[in-house]
K.L.:
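Okay, handing you the structure first.
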Amino acid sequence: MTALPREFYMPNAVHVARTLLGQVLVRRLPDGARIEGRIVETEAYTGLDDRASHGKDRITPRNRIMWGEPGRAYVYKIYGMYWMLNVVAEPAGQPAAILIRAIEPLAGLDHIAARRASPEPRLWTTGPGRLALALDITNAQNGADLTRPDDGLWIEAGAPVPDASVRAGPRIGLGQTPEPWLSIPWRFWVAGNAFLSRPDKGVAGDR
DNA sequence: CCGAGGATTATCT
DNA sequence: GATAATCCTCGGA
C-alpha cells in the first residue's frame, strides 16, 4: 500500500472531505505498533468567508499550517483536553482543512484497547477527540506529512464509497457561528456505518 | 433513555 | 478574560 499523493488534497476542501470517505488512516507508533482505520466521517472548513473556520481571518501561530502545503496534518487542542486531527487541503496560500471526525477500526485494535478505558470498541474512535486518543495523536503530529510514512501518520487508498452511500449535513459544535455557515451541509459520512460520531438517523441531506 | 454540567488550557481579544 | 470543530459522568425518569 502506498500513501495518497499530494494532488489528492489540491481540490477544494468540500470535495476532499467527500473523497476522503473510505480512505485508510494509518498510524505507526514509536514502539512499532500499527493502527489502521477507515475514514467514515469528515467535515470541511474553508478559508475566505467560512465563519466557522480557523482560517476565517488571518494567519496566527496556531492556524498557520492551514495556509501551507496540502496533505499535511493540522492538529490543535480544544476544550482544554482534546486534540483534533485535520488534513490540510487546497494549494498553499489558501486556508482550508478537513476535520476527521470518525474512523472504523481495521487493524491494531489491541493497541487501541490498551490506550482507551472503555472496553466498548464503538467508543474508541467515534468522534474527533476519541480518535485522537486512540491513535495517540497530539500536537507532535501537527504538520506531519500525510503523503509519506515518514512522520508515522499517513493516509492510504481504500475502497471508494459510492455516492449512494454518502450523506451530508450541517457541521457539529459550531456554537455561535452565523448562517449560512451554521447550516451548510459540509459534514459527510458513510450512511449507516456503526462508527459515526452520532447515530445515522438514515436521513439524507445530500449535496 | 436523556439532558445538564464539569473538566481543563491554548489561543485570541 | 472569554471562548472553544468535545467527551464523560451523573442524576432523574
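Proteins come first, then strands; the chains are lettered A, B, ... in the order of their sequence lines, and each starts at number 1.
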K.L.:
Any donor-acceptor pair under 3.5 Å linking the side-chain atoms of Trp154(A) with those of Glu156(A)?
P.N.:
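There is such a pair (donor and acceptor under 3.5 Å, judged by atom type) between the side chains of Glu156(A) and Trp154(A).
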K.L.:
Output the rounded distance in Å from CD1 (Ile137(A)) to P (dT6(C)).
P.N.:
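It is 16 Å, rounded to the nearest whole Å.
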K.L.:
Can you measure Trp83(A) atom CH2 to dT8(B) atom P for me and round it to whole angstrom units?
P.N.:
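One finds 15 Å between P of dT8(B) and CH2 of Trp83(A), rounded.
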K.L.:
With a 4.0 Å cutoff (strictly under), does any side-chain N or O of Arg58(A) reach OP1 or OP2 of dC12(B)?
P.N.:
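Arg58(A) to dC12(B) OP1/OP2: no side-chain N or O under 4.0 Å.
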K.L.:
Taking Thr126(A) for its side chain and Arg122(A) for its backbone only, find out whether a donor-acceptor pair lies under 3.5 Å.
P.N.:
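Looks like yes, one N/O pair under 3.5 Å.
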K.L.:
Round to a whole Å and report the spacing from CG of Leu85(A) to C1' of dT6(C).
P.N.:
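Rounded to the whole Å, the gap is 15 Å.
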K.L.:
Show your working on salt bridge (charged side-chain N to carboxylate O under 4.0 Å, His left out) between Arg27(A) and Asp151(A) and close with a plain yes or no.
P.N.:
CA-CA 9 Å; Arg27(A) 177 75 166 117; Asp151(A) 296 327; over 6 Å; no
K.L.:
Using atom types as modelled and distance alone, determine if a side-chain donor or acceptor of Arg72(A) lies under 3.5 Å from a backbone N or O of Gly143(A).
P.N.:
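Indeed, once roles are kept as given, a pair shorter than 3.5 Å links the two residues.
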K.L.:
Rounded to whole angstroms, how far apart are CD1 on Ile184(A) and P on dA5(C)?
P.N.:
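After rounding, the gap between these two atoms is 17 Å.
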K.L.:
Can a side-chain donor-acceptor contact be found between Thr147(A) and Arg6(A) if the only test is distance below 3.5 angstrom?
P.N.:
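A pair is found: one side chain offers a donor N or O, the other an acceptor, under 3.5 Å apart.
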K.L.:
Tell me the partner of dA10(B), counting only Watson-Crick (N1-N3 plus N6-O4 or O6-N4) or G-U wobble (N1-O2 and O6-N3) with both under 3.5 Å; none if nothing fits.
P.N.:
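WC or wobble partner is dT3(C).
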K.L.:
Among residues 64-81 of chain A, which ones have heavy-atom contacts with DNA chain B below 4.0 Å?
P.N.:
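Result for residues 64-81 of chain A: Tyr79(A), Gly80(A), Met81(A), sorted by number.
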K.L.:
Could you tell me which nucleotide pairs with dC2(B) by Watson-Crick or G-U wobble geometry, both distances under 3.5 Å, or answer none if nothing does?
P.N.:
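Pairing partner, where one exists within any strand: dG11(C).
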K.L.:
Between dC8(C) atom P and Leu131(A) atom CG, what is the distance in whole Å?
P.N.:
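About 12 Å, once rounded to whole Å.
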K.L.:
Reading DNA chain C from 5' onward, which residue's closest nucleotide shows up sooner: Arg130(A) or Asn86(A)?
P.N.:
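Nearer the 5' end of the strand: Asn86(A).
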K.L.:
With sugar-phosphate meaning primed atoms plus P, OP1 and OP2, does Arg62(A) contact a base, only sugar-phosphate, or nothing at under 4.0 Å between heavy atoms?
P.N.:
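Sugar-phosphate contact only.
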K.L.:
Over all strands shown, is Leu99(A) touching base, sugar-phosphate only, or nothing at heavy-atom distances under 4.0 angstrom?
P.N.:
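Counting heavy atoms under 4.0 Å across all strands, the contact made by Leu99(A) includes a base.
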K.L.:
Between Glu41(A), Glu43(A), Arg130(A), which is the residue that forms a side-chain hydrogen bond (donor to acceptor under 3.5 Å, both in side chains) with Ser197(A)?
P.N.:
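Passing option: Glu41(A).
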K.L.:
Expressed in angstrom and rounded to an integer, what is the separation of Asp57(A) atom CG from dT11(B) atom C1'?
P.N.:
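After rounding, the reported distance stands at 13 Å.
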K.L.:
Any donor and acceptor pair, going by atom type alone, linking the side chain of Asn63(A) with main-chain N or O of Arg58(A) inside 3.5 Å?
P.N.:
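Yes, the answer is positive, given that a donor and an acceptor are paired below the 3.5 Å cut-off.
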K.L.:
When the distance from CD of Glu43(A) to P of dA4(C) is rounded to whole Å, what number comes out?
P.N.:
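Roughly 15 Å, once rounded to whole Å.
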K.L.:
Expressed as a whole number of angstroms, how long is the span from Arg122(A):CZ to dC8(C):C1'?
P.N.:
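It is 14 Å, rounded to the nearest whole Å.
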K.L.:
Taking the side chain of Arg101(A) as heavy atoms from C-beta outward, which of dC8(C), dC12(B), dA5(C) is closest to it?
P.N.:
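Of the candidates, dA5(C) comes closest.
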K.L.:
If you look at every strand shown and take non-hydrogen atoms under 4.0 Å, does Arg116(A) touch a base, only sugar-phosphate, or nothing?
P.N.:
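The residue Arg116(A) makes sugar-phosphate contact but no base contact.
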